[in-house]
Amino acid sequence: MYKHLQERYAPRPPVNVATLVRMKAEQEKIACITAYDASFATLVDDAGVDLVLVGDSLGMVIQGHDTTVPVTLNDVIYHCRAVAKGLYRPFLMADMPFMTYASKEQALENAVRLMQEGGAKMVKLEGGAGQIEIVEFLANHDIAVCAHLGLKPQSVHKVGGFRVQGRDEAAAEQMMRDAKVLEAAGADIVLLECIPSKLGGEITQSLHVPVIGIGAGPHTDGQILVLYDVLDITAGRKPKFSKNFMTGQSSALDAVKAFTHSVKSLEYPAPEHCF
Ligand code: KIV
């Protein structure tokens with residue numbers, strides 16, 4: 001109860017879906033980042049990010065797998081619960097891992113677990129037209145949903161690698177259609193990964209809901225990066241769209257502040273981060 005009152009009178013109240021919609025309308029860029037534990041959750045909150053994702057990227061950056069496919073629902077719940085403890089202002093979104101939303105009933109059961117056990121306020125799932133019924137079912141149960149389009153890392157074995165999506169006209173038109181039907185089905189946010197900037201801008205313009213991009217160009221309503229890429233501690237090859245924000249900074253907090261500032265001031269992404 002006391003915490004609730006504190007939040008109500010806080011100078012910067014917690015972000016919710018309405019805040020994100022307002023930011024889109026007012027053309028204030030939305031700064032988003034991943035986190036996987038309470039300490040970093042507090043740090044990214046202090047750095048002013050608006051939205052935190054407990055991504056299934058944890059399979060790669062925490063667990064050391066080559067893909068996100070081995071991540072389980074219990075893994076995401078464990079990390080989400082820790083992140084929720086450290087967050088005050090940013091909106092908290094959790095990934096639904098591979099094959100945890102193969103039917104609408106399974107999706108509902110697992111989304112409820114992410115919210116009740118993990119503390120997530122929104123769930124994210126990868127999918128296009130095939131996930132419309134699932135998004136609609138979750139939305140009809142008042143669950144906030146983010147639909148992830150473009151490069152869908154859970155499909156890596158099916159599409160044959162981590163590749164830029166939507167390059168040809170037919171694929172771009174299909175993605176635009178998918179985005180619109182997912183919005184109509186009740187998606188509250190759309191996330192676009194690894195697509196040409198032009199397409200990222202066109203989809204963002206066509207939707208009423210906020211569109212967050214990662215490797216989707218400068219015209220989306222917000223940007224998201226994996227925290228460990230921002231801090232330059234990801235092992236191996238870095239994706240073209242990522243940027244080392246530790247350069248010129250002396251602490252992790254300053255690096256995430258630099259990321260937030262660069263997103264808000266439109267300095268990131270620069271042309272070299274785009275497709
Ligand atoms: O799992 C993840 O961290 C993600 C982001 C890269 C968008 O889906």
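All ligand and atom numbering here is 1-based and tracks the order in the structure. Nothing fancy with the numbering, it's 1 onward along the sequence.
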> Can we say Glu202 and Lys198 salt-bridge, meaning some charged N sits less than 4.0 Å from an Asp/Glu carboxylate O?
yes
> At less than 3.5 Å, what protein N or O atoms come close to the N or O atoms of ligand 1? Include the distances to 0.1 Å.
residue, atom, partner, partner atom, Å
ligand 1, 1 (O), Asp56, N, 3.2
ligand 1, 1 (O), Asp56, OD1, 3.0
ligand 1, 1 (O), Ser57, N, 2.9
ligand 1, 1 (O), Ser57, OG, 3.4
ligand 1, 1 (O), Asp95, OD2, 3.1
ligand 1, 3 (O), Ser57, OG, 2.5
ligand 1, 8 (O), Lys124, NZ, 2.8

> With a 3.5 Å cut-off and no angle check, do the side chains of Thr72 and Asp75 form a donor-acceptor pair?
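There is such a pair (donor and acceptor under 3.5 Å, judged by atom type) between the side chains of Thr72 and Asp75.
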> With a 3.5 Å distance limit and no angle check, can you tell me whether Glu117 reaches the backbone of Leu114 through a side-chain donor-acceptor pair?
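Pair absent, no side-chain N/O of Glu117 close to backbone of Leu114.
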> How long is the straight-line distance from CD of Glu136 back to NE2 of His141, given to the nearest 0.5 Å?
12.0 Å
> With rounding to the nearest 0.5 angstrom, report the CD1 to CD1 distance, Ile189 to Ile30.
6.5 Å
> In chain order, what residues pass the ring-ring contact (aromatic ring centres under 6.0 Å, His included) check against His261, with sequence neighbours excluded?
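Listed in chain order: nothing, the list is empty.
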